[in-house]
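Presented below is the structure to which this report refers.
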Amino acid sequence: MSDKKFKVDQQRRNLVKGLAAATVASSVMPGSLFAAGRGPTAVVIGAGIAGLSAAWDLRNAGFQVSIFEKEKFTGGRMVESQMGPLFGATHAEGVLNASKDMFALAAELGIENQVRGEAYDQVWNPDDGLGLDTGHGLYDPGGMSNFNIENALKIPGLSPETINALPRLQADMDEINAAVDPCLLETGTAYDNESVGDYYERVLGKTAGKEIIKYKIDTSCAGWGWDPYTTSKIALLSWLASKEQFVYPHGGIGALTRKLDSVLPVQNNTTVRYVTPPDANGRHTVHYLNANLERRSVTPDVVVCAVEGKYLDLMVQGLTPKQEALAKNCFFTKQPVVYWILDEKSAPTEFASGAYISGHPDPIKAKTYHWLAMQGHPELNQPPYVRYSLSRRHTPEWQNSDMAIEDFCWPMIKHLYPQLERAHVVDIVDHTSDSLIHIPVGYVNQMAEVLREQRKGRKGLYLAGEYVAGAHTGAACASGRSVAKVIKGHWI
Ligand SMILES: Cc1cc2nc3c(=O)[nH]c(=O)nc-3n(C[C@H](O)[C@H](O)[C@H](O)COP(=O)(O)OP(=O)(O)OC[C@H]3O[C@@H](n4cnc5c(N)ncnc54)[C@H](O)[C@@H]3O)c2cc1C
């Protein structure tokens, strides 16, 4: 679905929900929403990691906080949940080890050991048959999130030109590592001047640049559906240069959001319809549907809007021109993934998997980002399954095909894993998600301008979340914590 169509559908859904509301809208006195207290009142919209982190810090600073969340669950895109018969991480799976603010928050909550975890690159270990396949052999891409030149030099199939050129990257990586915080991309505005594709071609030369994009960068970008030739170089290089890995938290990706949910006043099933422009006192009114689908409104001292960036201009009336410009540039990518759930008798006898570069000589492998066959865990009530992820470059082919994703992907998975038979499939889970922000060239500067404006003086509305920090959980958390600091400075 195109972004515009998505927005129209969302507006329509909100309208239908609004019409369905049985009672006439009524105002709620702030006191009835907030626990007793004397501090300023704050409504946080969105109980993802950004909203929860902001709410935690605001409450600790003496604010009376209430969090509105449209879903029945808390955590946004940082959760485990049920997908048909499977239970697991539906969006984020790992956290970047550079997520200082997140680990500090976890320590405050006494669960740091659950949020820390094992390195992501174990998944790609070629010794376990899990390397990336270039068509010339398997290799370890060195994790998705860092770029180690020594490791890159071992990629099978690299031309001598690329091998000679690769060490030229080191100086820039060291500079970016020293200057830019991958959790607060506003620190990287000076590097938001070209795409990651153009950067590699400029520094390495056209041939070597294209080759390194194909063999290393596109595989990272594919995971997020980003096109290297439109993505701002700093969005990717801030991670690649950081020498930090993604880690799988010991307690699962939802450990932190579950804990925050247990200690914060989250109002689930509460959908914000719109937020008005500031009144004469600088306060914004939040119009929402409560869990009984009744229309309500509340006018707190402070509103923190921590929803997905794609909803910002639909939800908030009277955005400043800078916020409006940022919202218009907020695009979300699509990640098509299909699970074929198998009957127990047809469980794969052993784990099998493959991941390929987009230039792989086998045309089906070239279309594949990653696939795997899992035996299942009956003791955990997890059935066996085969999973297939389409590569970024081929997603438009599916979108233009008018085919269901499982039908589109079936010939590919049959080619890669011929043992799979339709007769063994008992269920299909379409896990195509369209909710990761894309950071094009220029976006980081827009984000920084919005944040500069936000810091200037006391306001009734503040923005937080992935879309003003960087496309990962550590950035969303840092954004929530830093907006809370700004609000404290303005209000306390
Ligand atoms: C497929 C996928 C894989 C990812 N993998 C990783 C990974 O491995 N590691 C990593 O660090 N990051 C990963 N990410 C990114 C990460 O999940 C996000 O950057 C992060 O979770 C965003 O947090 P947030 O709080 O900004 O937004 P969200 O978590 O999206 O929170 C926004 C909240 O606002 C709520 N909301 C929206 N509209 C309304 C409304 N009208 N009223 C009330 N509430 C509303 C939403 O329901 C949601 O709970 C991945 C993302 C995707 C999509």
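Order of appearance sets the numbers: ligands from 1, and atoms from 1 within every ligand.
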- Message: Could you check whether H438 and T231, counting side-chain N and O atoms only, form a donor-acceptor pair closer than 3.5 Å?
- Response: yes
- Query: Does ligand 1 have any atom that is closer than 4.0 Å to a heavy atom of I437?
  - Reply: no
- Message: Taking side chain to side chain donor-acceptor pair (under 3.5 Å) as the definition, give me every residue that meets it alongside Y388, ordered by chain and number, with sequence neighbours left out.
- Response: T368
- Message: Is the contact between Y311 and ligand 1 made by the side chain, the backbone, both, or neither, using heavy atoms and a 4.0 Å cut-off?
- Response: side chain
- Nearest heavy-atom approach of S479 to V468 is OG-CG2, 3.8 Å
Less than 3.5 Å apart, which donor and acceptor atoms pair up between the side chains of residues 102-111 and the rest of the protein, not counting sequence neighbours?
unit_1 : atom_1 : unit_2 : atom_2 : d
E108   : OE1    : W56    : NE1    : 3.0
E108   : OE1    : R481   : NH2    : 3.2
E108   : OE2    : R481   : NH1    : 3.4
E108   : OE2    : R481   : NH2    : 2.8

- Query: Is the count of non-hydrogen atoms from other residues, nucleotides or ligands lying under 6.0 Å from K459 atom NZ greater than 12?
  - Reply: yes
- Message: We want to know whether S195 and T230 form a side-chain donor-acceptor pair, criterion being a heavy-atom distance below 3.5 angstrom.
- Response: no
- At under 4.0 Å between heavy atoms, which part of A92 makes contact with ligand 1: side chain, backbone, both or neither? both
- Task: Could you tell me if any non-hydrogen atom of Y467 lies under 4.0 Å from any atom of ligand 1?
- Result: no
- Backbone or side-chain N or O of E71 under 3.5 Å from ligand 1 N or O: no
- Task: Measure across G470 and L185 and return the closest heavy-atom pair with its distance rounded to 0.1 Å.
- Result: CA-CD1, 3.9 Å
- Task: Report the part of A464 in contact with ligand 1, treating N, CA, C, O as backbone and CB onward as side chain, heavy atoms under 4.0 Å; options are side chain, backbone, both, neither.
- Result: neither
- Query: Judged by non-hydrogen atoms, does L96 sit under 4.0 Å from ligand 1?
  - Reply: no
- Please confirm whether the backbone N or O of E71 pairs with a side-chain atom of E69, one donor and one acceptor, at under 3.5 Å? yes
- Message: Tell me the contacting part of Y288 for ligand 1: side chain, backbone, both, or neither, using a 4.0 Å heavy-atom threshold, strictly below.
- Response: neither
- Item | Within-cut-off N or O pair, V272 and ligand 1, under 3.5 Å | yes
- Using distance alone, decide if ligand 1 has a nitrogen or oxygen within less than 3.5 Å of any nitrogen or oxygen in A471. no
- Query: Any nitrogen or oxygen of T90, main chain or side chain, under 3.5 Å from a nitrogen or oxygen of ligand 1?
  - Reply: no
- Query: Counting only heavy atoms, which portion of M315 has something under 4.0 Å from ligand 1: side chain, backbone, both, or neither?
  - Reply: side chain
- Query: Could an N or O of ligand 1 be found under 3.5 Å from any N or O of T271, whether backbone or side chain?
  - Reply: no
- Exactly one candidate in N329, D192, T189 meets side chain to side chain donor-acceptor pair (under 3.5 Å) with Q446; the answer is N329
- Ligand-residue contact atoms, ligand 1 with G46, heavy atoms, under 4.0 Å: 33 (C), 34 (O), 35 (C)
- Task: Look only at interatomic distance and state if I49 has a nitrogen or oxygen under 3.5 Å from any nitrogen or oxygen of ligand 1.
- Result: yes
